[in-house]
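The structure that follows is given in the form of C-alpha cells.
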Protein chains: 2
Amino acid sequence: MSQRIEQPPSLVQLAVNVLLRMMSLGELKPGDRVIENRLTQELGISRPPLREALRVLEQQGMITQIPRKGAIVTNLTLHDVYEIYTLRREVERIAVDLGVPVSDPVRLERVRAALLRLEEAAQAGDHVGVIEGGYEYHAAVIGLSGHRRLEDAYRSLHLQLVLCMAMNRRVREPKEDLLGDAARHRRLLEVIETGDRKAVHEAIITHGDRAFLINIENEIGGHTPESLEWLRLIREEEGLGL
Amino acid sequence: MSQRIEQPPSLVQLAVNVLLRMMSLGELKPGDRVIENRLTQELGISRPPLREALRVLEQQGMITQIPRKGAIVTNLTLHDVYEIYTLRREVERIAVDLGVPVSDPVRLERVRAALLRLEEAAQAGDHVGVIEGGYEYHAAVIGLSGHRRLEDAYRSLHLQLVLCMAMNRRVREPKEDLLGDAARHRRLLEVIETGDRKAVHEAIITHGDRAFLINIENEIGGHTPESLEWLRLIREEEGLGL
DNA sequence: AGCTGGGGTCTTGTCTACAGAAGACAAAAG
DNA sequence: CTTTTGTCTTCTGTAGACAAGACCCCAGCT
C-alpha cells in the first residue's frame with residue numbers, strides 16, 4: 001500500500017495559485033493595484049505569506065513591485081507580447097531539437113495522457129478543461145526534451161500570456177471549435193511519433209494561437225521597432241493563410 | 001542635472017545580494033542547509049524579509065525549499081549543468097540572431113563600456129573585477145537583442161553557473177591570463193561591429209569557458225543519458241583544439 | 001486662480017511572538 | 001547489542017502589531 005498522507009500545502013503556494021486563478025479569470029487585470037491588506041482579507045491569510053506569494057509572482061513577471069509604493073498586476077506592452085511570443089517559439093524549437101525523436105517512452109506517455117484529457121474535455125464542451133489540457137499537452141511536448149529549465153521557462157511564458165489574453169475579450173468568447181483543436185493536437189502527436197524533427201517543427205508553426213494578436217497594437221501601448229516589425233511579419237504570414 | 005536621490009533598498013533586496021555574494025565566495029556551498037534564524041543573526045535582519053529573499057532565490061533556482069524541513073543551497077547534478085550550459089548557449093544564439101547587426105547604437109555603447117571596465121580590471125590584476133565585468137559584458141551582448149526576458153534568462157543561468165563554479169577549485173585558482181581574456185572580448189566586440197551575424201556565432205562558440213567541465217562528472221552526480229552524451233560531445237570538441 | 005504647505009489617512013516595511021511539525025537523543029524493552 | 005518508543009529541542013509557518021513613508025485633500029498665501 002503506497003497510501004501516502006497528504007501534506008497541506010503552504011499558504012504561500014495556495015496564495016500563488018489563487019492569485020494566478022484570479023488573473024486568468026480577469027478578477028485581477030493588468031494595471032490593477034494589489035493592496036496587501038485587502039487581499040489578506042479576501043484570502044483569509046496574514047500578510048507574510050501573501051507577501052511571499054507576491055514575490056514569487058514578481059519573479060514570474062506577473063506582478064510588478066515598486067518600492068514603498070506597492071504592487072500592480074504587470075501591464076504588458078506590445079514589446080512584452082513580442083518578447084513572450086518570440087521566446088516561447090524558440091523554447092518550443094529547442095525542445096523539439098532536443099526531444100525528437102523521443103528517446104524515453106515515459107515522456108511520450110505523458111503527452112498521450114494530456115491529449116486524452118484534452119480530447120475528453122473537448123467532447124464534454126469544457127472550455128476551461130480544454131485550455132488547461134492544452135497547456136499540459138504543450139508542457140509535455142516541451143518535456144520530451146528532458147529539460148526541466150526549458151519547461152519552467154515555457155510555463156513562465158505561458159502564464160504571462162494568460163495574463164495578456166485575459167485582457168482580450170476575443171479569447172473570453174471561446175467559440176472556436178474544441179474538437180478541431182483537439183484533432184490538431186492529435187495530429188501533432190502523430191508527427192512526433194514518426195520522429196521526423198523537421199516535420200514536427202512545421203506542424204508546430206501551423207499550430208499557432210495568434211488569433212488574438214489581430215488588433216492588439218491598438219489595445220496596448222509600448223510599441224518598439226522590434227515589436228512592430230515582428231507584428232508586421234506575423235500579419236504577412238497570417239495573410240498568406242498560414 | 002539628473003541627480004536622483006538614492007533610495008535605501010529594501011532589506012529583501014539587500015539580503016538577496018548578500019546571499020548571492022556568500023554563494024559566489026563559497027561561504028554558502030551547494031547542499032548547505034540554510035537555517036533562517038542563523039542567517040537573520042548574521043545579516044542583522046528579521047525573518048520575514050529573509051524569507052522573502054529566500055523565495056526569490058528559490059525562483060532563481062539557487063535555493064531549494066522543502067516544506068516544513070527548511071531550505072538548502074541547490075545541489076546541482078550533472079544534468080543540471082548540462083541544462084544550464086545548453087540553455088545559455090541557445091540564449092546567446094537567439095540574442096545574436098535578434099541583435100546583430102546592431103540597430104540601436106546605445107546598446108553597442110553598453111557593450112563598449114563593459115569592455116572598458118573589463119580591460120581596466122584585467123590590467124589592474126583585479127580577478128573579481130574581471131569576472132563581474134565579464135558578466136556585464138556578456139549581459140550587454142545579450143542586451144543587443146533588446147529582449148529583456150532573454151537577458152533575465154541569461155542572468156538566471158549565469159547565477160546558477162556561479163553556484164556550480166564556486167564548487168570547483170579550479171576556478172578559484174585563477175591563473176588564466178586576464179589580459180588575454182580581455183583581448184578575446186575585444187575581438188568579439190569587433191566582430192559584432194562588422195554586423196556579420198555568422199561570424200559572431202563562430203566567435204562566441206570559440207569563446208567558451210568550459211575548462212572547468214573537464215573532470216566534472218567525477219565530482220557531482222545526477223548523470224542522465226542526455227548529460228553524458230552532451231559531455232562526450234564537449235570532450236570531442238575540446239580535444240579538437242576548439 | 002494657481003501654487004505651497006500642513007495634517008490626516010492609507011499602505012508598506014519590518015519586527016516580535018506563538019503554534020505546530022520535524023528531527024535528535026536517550027531510555028527502556030526485546 | 002539492537003531496536004523501538006517517548007520526550008525534548010530546534011526550526012519553520014503564520015499571525016499580529018508597530019513605525020515610517022507616500023498620497024490626498026484642504027486651507028492659506030501670493
Side-chain angles (χ1 to χ4, degrees), chain A residues 1-20 22-23 27-75, chain B residues 3-20 22-23 27-75:
Chain A
M1 258 313 246
S2 65
Q3 268 289 45
R4 305 189 57 153
I5 69 169
E6 177 125 353
Q7 295 280 24
S10 76
L11 293 191
V12 178
Q13 190 55 50
L14 291 174
V16 168
N17 293 341
V18 170
L19 289 172
L20 286 176
M22 288 173 75
M23 290 179 190
E27 295 175 31
L28 277 178
K29 287 187 291 294
D32 282 1
R33 278 199 67 185
V34 177
I35 284 134
E36 297 177 2
N37 267 329
R38 205 158 304 168
L39 272 180
T40 57
Q41 289 185 347
E42 284 185 41
L43 305 186
I45 61 176
S46 67
R47 283 179 59 214
L50 175 66
R51 283 176 61 88
E52 289 182 37
L54 290 178
R55 286 279 176 199
V56 171
L57 293 175
E58 184 192 21
Q59 292 296 310
Q60 299 282 327
M62 319 283 294
I63 292 282
T64 304
Q65 302 234 32
I66 304 161
R68 279 175 286 282
K69 295 189 65 175
I72 62 170
V73 180
T74 300
N75 247 323
Chain B
Q3 269 285 47
R4 303 191 56 154
I5 287 194
E6 178 119 359
Q7 296 278 24
S10 76
L11 294 190
V12 178
Q13 191 54 51
L14 291 174
V16 167
N17 292 341
V18 171
L19 289 172
L20 286 176
M22 289 174 74
M23 290 181 190
E27 294 175 32
L28 278 177
K29 287 187 292 296
D32 283 1
R33 278 198 68 186
V34 177
I35 284 134
E36 297 177 2
N37 265 328
R38 203 158 306 167
L39 272 181
T40 56
Q41 289 185 346
E42 285 186 40
L43 304 187
I45 62 175
S46 68
R47 284 180 57 215
L50 175 64
R51 283 177 62 88
E52 288 182 37
L54 290 178
R55 287 278 175 202
V56 170
L57 293 175
E58 184 191 22
Q59 292 295 309
Q60 300 280 329
M62 320 282 293
I63 291 283
T64 304
Q65 302 234 31
I66 304 162
R68 279 174 287 280
K69 295 188 65 176
I72 61 171
V73 181
T74 301
N75 248 322

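This is a predicted model, so every value here is computed, not measured. Order of the sequence lines fixes the chain letters, A, B, ..., with proteins taken first and strands second; residue numbering starts at 1 for each chain.
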Quick one: is A:R38 getting a side-chain N or O under 4.0 Å of the C:dC10 phosphate, OP1 or OP2?
-> no
With sequence neighbours excluded, tell me which residues meet side-chain contact (heavy atoms from CB on, under 4.5 Å) with A:L11.
-> A:L14, A:I45, A:P49
Residues in salt bridge (Lys or Arg N to Asp or Glu O under 4.0 Å) contact with B:E36, at least two apart in sequence or another chain | B:R47, B:R51
Under the side chain to side chain donor-acceptor pair (under 3.5 Å) test, residues paired with A:Q59 that sit two or more places apart = B:Q60
Results of side chain to side chain donor-acceptor pair (under 3.5 Å) for A:S46 - residues two or more places apart only = none
Within this structure, what is the CD1-to-P distance between B:I72 and C:dG23, rounded to whole angstrom?
-> 13 Å
List every contact pair, protein side and nucleotides 12-18 of chain D side both N or O, where the distance is under 3.5 Å.
unit_1 : atom_1 : unit_2 : atom_2 : d
D:dT12 : OP1    : B:V34  : O      : 3.3
D:dT12 : OP2    : B:E36  : N      : 3.1
D:dG13 : OP1    : B:R68  : N      : 3.2
D:dG13 : OP2    : B:R51  : NH1    : 2.8
D:dG13 : OP2    : B:R51  : NH2    : 3.2
D:dG13 : N7     : B:R47  : NH2    : 2.8
D:dG13 : O6     : B:R47  : NH1    : 2.8
D:dT14 : OP1    : A:L11  : N      : 2.9
D:dA15 : OP2    : A:S46  : N      : 2.8
D:dA15 : OP2    : A:S46  : OG     : 2.7
D:dA15 : O5'    : A:S46  : OG     : 3.4

Pairs meeting criterion salt bridge (Lys or Arg N to Asp or Glu O under 4.0 Å) with involvement of residues 57-74 of chain B, two or more places apart | B:R55-B:E58
